[in-house]
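Okay, so here's the structure we're looking at.
Heads up: numbering here begins at 1 and tracks the sequence. Quick caveat, the model's predicted, so the values are computed rather than measured.
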Amino acid sequence: MRRDFQPVVFGAAFIAAIVADVVTRWLSGDLPVLGVLGYPAPPLCSLLVSALLGVAAGYLGVAFNRSLQTTLRLCDRVPGRYRVAVAAVTGGIVGPVLVGSGHALAAKTLRAKLALGLIPVFFVVRLVLTTASYGTGAPGGIFAPLLVIGAMIGLACGQAAHMFLPQVVPIPAVFAVIGMAAYLTAVVRAPFTAVMLIAEMTGSYVLLLPLLAACFFAYAVAEHLRELPVYEALLERELRGGGTALQPKEPFVGEFAVDPGAPFDGLMVRELGLPPGCILVRCSDGKRDWIPTAETRLGAHVRITAMVDPEAADAVAILRQGCKA
């Protein structure tokens, strides 16, 4: 999460992580958060199924991000005096039975105790309830619901593949674990974090290869569709004042990539129209890094790093619009 840091910072963080893990295991035991039944690694020929699952998770993850943004925009139109009532009605519709992170549903899915015909229904219900709850302005988070939805997508793909190719997919529930990582990758756009996180939470370290395959394709699809990662999109929304406006008190750093055909493609730095207080401090094309000047000409696929003063927070929107085709 830190772009540059000293070895002492890395060492301190590493030691803190080890101590935290040891203390947690000492207090709660060595069982993973989402224990599975010790599934073996699927055969190598099932990597194609993992890739197809990654593609499906990529498209559905983008659909989740767009649904969430649409819900937030709709809720923004509700007058302030009615927002508490809308939140209360949403909570009443969800009801006490459906409240929660979905841990029980995730565990049930990981054990393949969910019929294939019911998965689309649970998927739609969970997607609608998650976006509606978050859109009210009193969110409980989206991380746990993402895992539940991803597990259902993976189990559906695993069960469908098992029906036609039982030798290739002998245990459909394995793909529920893979689906969690793939869907998280598509929504958050952090593939390696998703692989290690799901492997740790389920204790399924033997699934690292199919997890990597599924997450790669999920990431590739989401990138191809040019959808912002969910947390980046939410941050941009806050910077634009779409919700509770973010007023940074200190200078902050942001990184942006120039898409082919974007407004900034082919322009010099002095032609970008950036406000005072926004300075480009680095450019990179994947092969070399350099410090830009006013005469530096930007091109497609160049990544620019900007330092923004709190009084120039509007520069973030300018940089976003200029870098996206």
Side-chain angles (χ1 to χ4, degrees), residues 55-106 109 118-154 156 179-190 193-194 218-219 221-247 313 316-317 320-321 324:
V55 172
Y59 281 105
L60 293 173
V62 170
F64 176 88
N65 288 1
R66 293 178 179 176
S67 299
L68 186 64
Q69 293 295 321
T70 300
T71 304
L72 289 170
R73 286 193 293 269
L74 290 175
C75 290
D76 285 342
R77 298 179 182 178
V78 178
R81 62 181 181 275
Y82 296 126
R83 291 188 178 181
V84 175
V86 170
V89 171
T90 303
I93 294 174
V94 172
V97 178
L98 296 177
V99 169
S101 64
H103 186 280
L105 180 58
T109 305
L118 292 177
I119 291 178
V121 177
F122 277 96
F123 173 82
V124 173
V125 170
R126 199 71 196 182
L127 177 64
V128 172
L129 292 181
T130 300
T131 55
S133 299
Y134 197 96
T136 62
I142 59 175
F143 175 74
L146 289 181
L147 300 186
V148 178
I149 296 173
M152 289 190 290
I153 295 171
M180 295 171 73
Y183 196 66
L184 184 63
T185 296
V187 175
V188 180
R189 213 69 55 78
T193 299
Y219 182 88
V221 169
E223 282 289 306
H224 175 71
L225 295 177
R226 296 183 179 179
E227 183 71 17
L228 285 177
V230 64
Y231 294 120
E232 189 173 343
L234 292 174
L235 174 61
E236 181 180 336
R237 179 176 180 275
E238 293 296 327
L239 290 173
R240 289 199 306 260
T244 304
L246 177 63
Q247 298 295 336
V316 175
R320 280 282 177 216
Q321 295 172 2
K324 294 298 178 182

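Shortest non-hydrogen contact noted between Ala57 and Ala218 is CB-CB, 4.5 Å. Looking at every heavy atom in both residues, Leu147 comes nearest to Met180 through O-CG, 3.4 Å. Heavy-atom minimum distance, Thr130 versus Pro145: OG1-CB, 3.5 Å. Across Ser67 and Ala63, no two heavy atoms sit closer than the pair OG-O, 2.7 Å. Between Ala194 and Thr185 the shortest heavy-atom distance is CB-OG1, 3.2 Å. The two residues Val188 and Pro229 have their closest heavy-atom pair at O-CB, 3.3 Å.
A donor-acceptor contact shorter than 3.5 Å links the side chain of Thr131 to the backbone of Val128.
Put simply, the side chain of Ile142 reaches to within 4.5 Å of the side chain of Tyr231, judged on heavy atoms. In this structure, Val230 and Arg189 have side chains that are not in contact, with every pair of non-hydrogen atoms separated by 4.5 Å or more. Using a 4.5 Å cut-off on side-chain heavy atoms (C-beta onward), Lys324 and Arg226 make no contact. Side chains of Leu60 and Tyr183 form a contact here, defined as non-hydrogen atoms less than 4.5 Å apart.
Considering CD1 of Ile119 and CD1 of Ile149, their distance stands at 13.0 Å, rounded to 0.5 Å. How far CD of Gln69 is from OG1 of Thr71: 9.0 Å, rounded to the nearest 0.5 Å. Taken to the nearest 0.5 Å, the CD atom of Glu227 stands 13.0 Å off from the OH atom of Tyr59. Atom CG of residue Leu234 and atom CG of residue Leu72 lie 6.5 Å apart, to the nearest 0.5 angstrom. The structure places CD1 of Ile153 at 4.5 Å from CZ of Phe123, a figure rounded to the nearest 0.5 Å. Here CE of Met152 is found 11.0 Å from CG of Leu118. Values are rounded to the nearest 0.5 Å.
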Next item on the list: List the steps and the verdict of side chain to side chain contact (heavy atoms under 4.5 Å, CB included) for Val187 and Leu68.
Entry: CA-CA 11 Å; Val187 175; Leu68 186 64; over 6 Å; no

